[in-house]
Amino acid sequence: MGDKGFSAHFSIVCFFSIFVTMHLVLGDLSYSFLEEMERGSVIGNVAKDLGVDLRTLSSRRARVDIEGTRKRYCDININTGDLFISERIDREGLCGKKASCVVKIDLVFENPLELHRVSLHVQDVNDNSPKFRENLMKMEIRESSEKGSRFSIGVAHDADIGQNDIQRYILQTNEHFILAVENKVVALVLENKLDREKQKEINLLLTALDGGSPQKSGSVVIHVTVLDANDNTPVFTQAVYKTSVPENSPPETLVITVSATDADEGVNGEVTYLFGHISGEDASLFSIDAKTGKITIAGEIDFEDTTSFEMSVGAKDGLGLIAYTKVLINIEDKNDNVPQIFLKSLSNPIPENVATDTEVGIINVQDRDSEKNGQVRCSIQENIPFKLVSSIKNYYSLITTGQLDREQVSYYNITITATDEGSPPLSSSKTLQLSVADINDNPPVFEEQSYSAYVSENNKPGSTLCSVSARDKDWRQNGTVIYSLLPGEVNGASLSSYLSINGDTGAINALRSFDYEQFRSFKVHVMARDNGSPPLSSNVTVSVFISDVNDNSPQILYPTLEGSSFMTELVPKAAHGGSLVSKVIAVDADSGQNAWLSYHIVKATDPGLFSIDLHSGEIRTQRDILESDSMKQNLIVAVKDNGQPSLSATCSMYLLISDNLAEVPELKDISYDEKNSKLTSYLIIALVSVSTFFLTFIIIILGVRFCRRRKPRLLFDGAVAIPGAYLPPNYADIDGTGTLRSAYNYDTYLTTGSRTSDFKFVSSYNDNTLPADQTLKKCSTDFSAIFGDADSSPEVGTIQYFKRLLTQKC
Ligand SMILES: *[C@@H]1O[C@H](CO)[C@@H](O)[C@H](O)[C@H]1NC(C)=O
């Protein structure tokens, strides 16, 4: 074992990692045990000594941890609480000649952090024998030496301490010398004068004994040559030489010069210097100049390894007489060790919602230098929501100081700087990257406050109406947006039968074709939800507007289009030019331009006689009726809408120029339809007969019921028409388009063809329970029948009653 001093800075570091706020408790334990114990030998029970139960020991992950290349020496058995030897412990290697050898380790518990300093007192075992520097010591002594003369010899060395160190020397019994040991200097004292003539050479066995048990010893043979002349032993100028030298001094730096003088002259007075006992390692660190006595540095002197050296130096004259002296060299510390930063634990990543003042890491700093050179301050940069708090000496906790937000800062580069207080100071730094983990704290946000979709009716099912888009600032799952439709109703049906949404893209598709005539717009609520746990969501309204397409032809309400009957208008013979004789009434279920109707006469018996108003559909005489005009006039009227392309419908209008209903029977000549003629004949017969009248009446009642039962095929929201027969010749068009607002109450006029005999009653078309087209069609058929079969003087009152009945019921 070397006799180098054990580094004062030996440290064994235990560490662990914790997550929650740290709590520190210090408690010291101390164990004393012998060096060189077997591995596994138990030196104490920490559970018992700290008063914690074994479960706590494992749940809090009690640990002894050693940093760097230093040995671990001991460990803890979590199951029993035993502290046991885990590595060979050589006291001499650890502490050299120091009287007490203490190894400090840290025993650490987690959660909360608890640090216990454990002092291990390593006791010496007599495991080293005394040793002399060489096996044979040569001395030359003059025969003339006086009794009592002293001759120093090199001492033996024992790495052990105390009782185990050298206790005494024994010199083999002989005639001439006894041993004198004073102040650790061993000398032979001449008892009986030498006589070279009797004995030229003497061999003496010197044994050094330690006080250990069992005792150990070491021996050297001293070979004394008896010389023939008188001599003086060299004498050192100082009994002890003391000096100090800074560590890391370069080789050949002068440490000290020793000097000895010899009173003799010539060869006998020539002094050479040499090291006495010096351990192998130390011998390579220093060298001595044999002639000058200068001791210089030969190797690397490290204060952290050895703080002082003690050596013996001999001065030998030409005849081999040696004097010894002691040289003490103190090594001065230089700030040559950079502080080291060790990250003991780090919770990484940390959730963004971590509370302020939460400990997220533990840092340990070490500096092998001593005193100020080894005092370290630790800091981190500013402007980050973290701080360093010194907890135990050289331990720091990294604590949060504010709220974190991953959406703003997703990670922190934290640079830890450690600076010692040497002059000049040394510092080192370490950067750690601390990630912030995402928490689902942002709901998806739609890019727009509301959305509108425009679609033409008759769209293809499956076509995309529009796309909604929402962003979520969170990460991955928490930021993944899924779209869905909220339940709702459109026109009484479930929304989901009309629309679907692509959950990933937000594209909204129509599931069926829309009909503008059914509904023009509706609202949908779309939800965007993220995938977090729990998920966050937000809603947006999408308004769907359906635009009209010209998909409905005009429908002619009057005169009826049904070929099985015809309607005839009476035109007084005295009618002047410009008289209103009838009106074509049509509706279009579309709206706007698509429902803007225009009326044209496409064919007429006498093209010059009647004209139709393009917009109102009113048919007027163009000139006065002449006797020569044909009594039966036939017009074919086309009604067109203004859509692109335009749709149209046609109807026939029969006009009878006559003042007398008696002329009506001739009407059958107007129709070239055999069926119509027949029908007319039948109806005439029926009308004549009272029973037929009642029969008809019953049929009408049944028809009315039939009308009521049927659901309206079209809703006339925009326009409705009235049969022209209800209108007087001087009827004023309501809005100029041939259509009338449904909400409009107006007077309905009845006429029998005479301008003077007008009957008036009020009816409302506001009542939409009956579909105007169908009912009016049916009714008008019956009208024509009634009119057509009216006899020479029809009962005006009866007809009026009949009409009212029809109008109201239909
Ligand atoms: C953090 O450090 C990494 C490398 O260690 C570097 O790429 C990055 O730019 C640094 N970020 C900031 C914000 O300094």
Side-chain angles (χ1 to χ4, degrees), residues 13-22 65-70 108 110 113 335-369 375-392 394-422 424-445 447 470-481 530-532 536:
V13 182
C14 309
F15 79 93
F16 64 95
S17 51
I18 57 161
F19 211 3
V20 296
T21 307
M22 182 165 88
D65 216 339
I66 316 290
E67 187 66 38
T69 56
R70 296 282 180 185
V108 192
E110 290 187 15
L113 172 61
N335 192 21
D336 61 342
N337 285 285
V338 173
Q340 285 179 289
I341 300 168
F342 299 102
L343 189 59
K344 294 301 180 187
S345 88
L346 182 67
S347 25
N348 192 9
I350 44 171
E352 57 179 319
N353 64 351
V354 72
T356 300
D357 284 335
T358 302
E359 183 186 71
V360 296
I362 296 175
I363 289 137
N364 174 239
V365 289
Q366 292 172 20
D367 191 320
R368 294 182 66 220
D369 293 320
Q375 272 170 27
V376 182
R377 274 171 305 146
C378 213
S379 64
I380 55 171
Q381 80 267 34
E382 288 173 359
N383 307 324
I384 53 170
F386 297 94
K387 66 178 176 189
L388 274 188
V389 174
S390 174
S391 42
I392 318 171
N394 289 341
Y395 278 88
Y396 294 85
S397 297
L398 184 63
I399 307 256
T400 58
T401 59
Q403 208 55 54
L404 306 183
D405 185 0
R406 191 205 64 84
E407 284 70 41
Q408 275 175 25
V409 185
S410 61
Y411 70 94
Y412 291 92
N413 284 345
I414 299 177
T415 303
I416 302 157
T417 308
T419 310
D420 65 26
E421 297 191 351
L426 294 177
S427 68
S428 65
S429 62
K430 186 176 196 134
T431 298
L432 52 102
Q433 200 171 71
L434 192 59
S435 302
V436 182
D438 189 41
I439 294 289
N440 192 22
D441 56 354
N442 287 286
V445 175
E447 283 172 355
R471 301 230 174 283
D472 190 316
K473 288 196 277 179
D474 290 322
W475 196 63
R476 292 219 169 145
Q477 277 213 330
N478 293 339
T480 305
V481 178
D530 62 29
N531 233 345
L536 298 175

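As the structure lists them, so they are numbered: ligands from 1, and atoms in each ligand from 1.
- For the side chain to side chain contact (heavy atoms under 4.5 Å, CB included) with P444, the lone residue among D472, D474, T480 that qualifies is D472.
- Here CD1 of I416 is found 11.0 Å from CZ of F386. Values are rounded to the nearest 0.5 Å.
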Contact table ligand 1 N or O to protein N or O, d under 3.5 Å:
from: ligand 1; atom 1: 2 (O); to: N413; atom 2: OD1; distance (Å): 3.3
from: ligand 1; atom 1: 2 (O); to: N413; atom 2: ND2; distance (Å): 2.4
from: ligand 1; atom 1: 11 (N); to: Y411; atom 2: OH; distance (Å): 2.8
from: ligand 1; atom 1: 11 (N); to: N413; atom 2: ND2; distance (Å): 2.8
from: ligand 1; atom 1: 14 (O); to: N413; atom 2: ND2; distance (Å): 3.2

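- K387 is linked by a side-chain contact (heavy atoms from CB on, under 4.5 Å) to D357, V389, I399, T401, counting only residues two or more places apart in sequence or in another chain.
- For R471, the side-chain contact (heavy atoms from CB on, under 4.5 Å) partners are E447, S469, not counting sequence neighbours.
- The only option from V365, I362, I380 that meets the side chain to side chain contact (heavy atoms under 4.5 Å, CB included) definition with Y396 turns out to be V365.
- In terms of the side chain to side chain donor-acceptor pair (under 3.5 Å) criterion, Q403 has no residue partners (sequence neighbours excluded).
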